[in-house]
Amino acid sequence: GAVVSQHPSRVICKSGTSVKIECRSLDFQATTMFWYRQFPKQSLMLMATSNEGSKATYEQGVEKDKFLINHASLTLSTLTVTSAHPEDSSFYICSAREGTGSDTQYFGPGTRLTVL
Amino acid sequence: QKEVEQDPGPLSVPEGAIVSLNCTYSNSAFQYFMWYRQYSRKGPELLMYTYSSGNKEDGRFTAQVDKSSKYISLFIRDSQPSDSATYLCATTSGGYNKLIFGAGTRLAVHP
């Protein structure tokens, strides 16, 4: 149980294009999903917290107009990197919190974004 | 001062060794403690979850929390090459607050 999927697993795009990453909780309902980015050999950096049906809460320093987050259902959240640039190249990982009263987060397998 | 401190390693041990991974934290409000394992280019996988102080055992893994000293540990017995990964400690005060992660410790278990 508690499986989270991400799609795509890897994407290469040209500078200036937008990229959408999907995060799905496969066998549970996730009222809250989180988006992280991770640089090589570094820990996870929380970008934003997404609650189903409401606007995402962004961490300090994260541009909300650049990283658009939509959490339209209890099983799906999307992250769109708009007008991507090479410095946006990173490993993006989502996680989902199961239901209410739980502090456990289950992570997706990650998406490797490379912007040329 | 970071809220969670974790030595990034790398830590290299022979197969069969007992591994001790540790984190310290500064906020006494933290109540929930987790250990995640992350293989290269993969998402983190939840290994252990504990609430408040005490020990929790699952197979070869034991998680230990000492709230009085704000110290959390993960022990791996009979370590295997397949245990080679980065281990991340994480904690939260609960109430839907965000997880705070340590830097992660890279572990290499060699045959």
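Just so it is clear, the structure is predicted and the values come from calculations on it, not from any experiment. Lettering follows sequence order; numbering is per chain, from 1.
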Just give me the residue among [options] that pairs up with chain A most often, heavy atom to heavy atom, under 4.5 Å.
options	value
S40(B), A90(B), A103(B)	A103(B)
E45(B), R106(B), Q38(B)	Q38(B)
Q31(B), Q6(B), K42(B)	K42(B)

Check whether more than 12 heavy atoms from other residues, nucleotides or ligands sit under 6.0 Å from atom [atom1] of [X], and answer yes or no.
X	atom1	result
K20(A)	NZ	no
H7(A)	NE2	no
R112(A)	CZ	yes

query: Who among E59(A), M45(A), Q42(A) has the most heavy-atom pairs with chain B under 4.5 Å?
result: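 Counting heavy-atom pairs under 4.5 Å, the top option is E59(A).
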query: Could you walk me through whether F34(A) and L46(A) pass the side chain to side chain contact (heavy atoms under 4.5 Å, CB included) check?
result: CA-CA 7 Å; F34(A) 304 85; L46(A) 180 65; 3.9 Å; yes
task: Return yes if a side-chain donor-acceptor contact under 3.5 Å exists between T78(A) and N70(A), otherwise no.
output: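 Side-chain D/A pair, T78(A) to N70(A): absent.
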query: Where does Q6(A) contact chain B at under 4.5 Å (heavy atoms): side chain, backbone, both or neither?
result: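 Contact with chain B: none, neither part.
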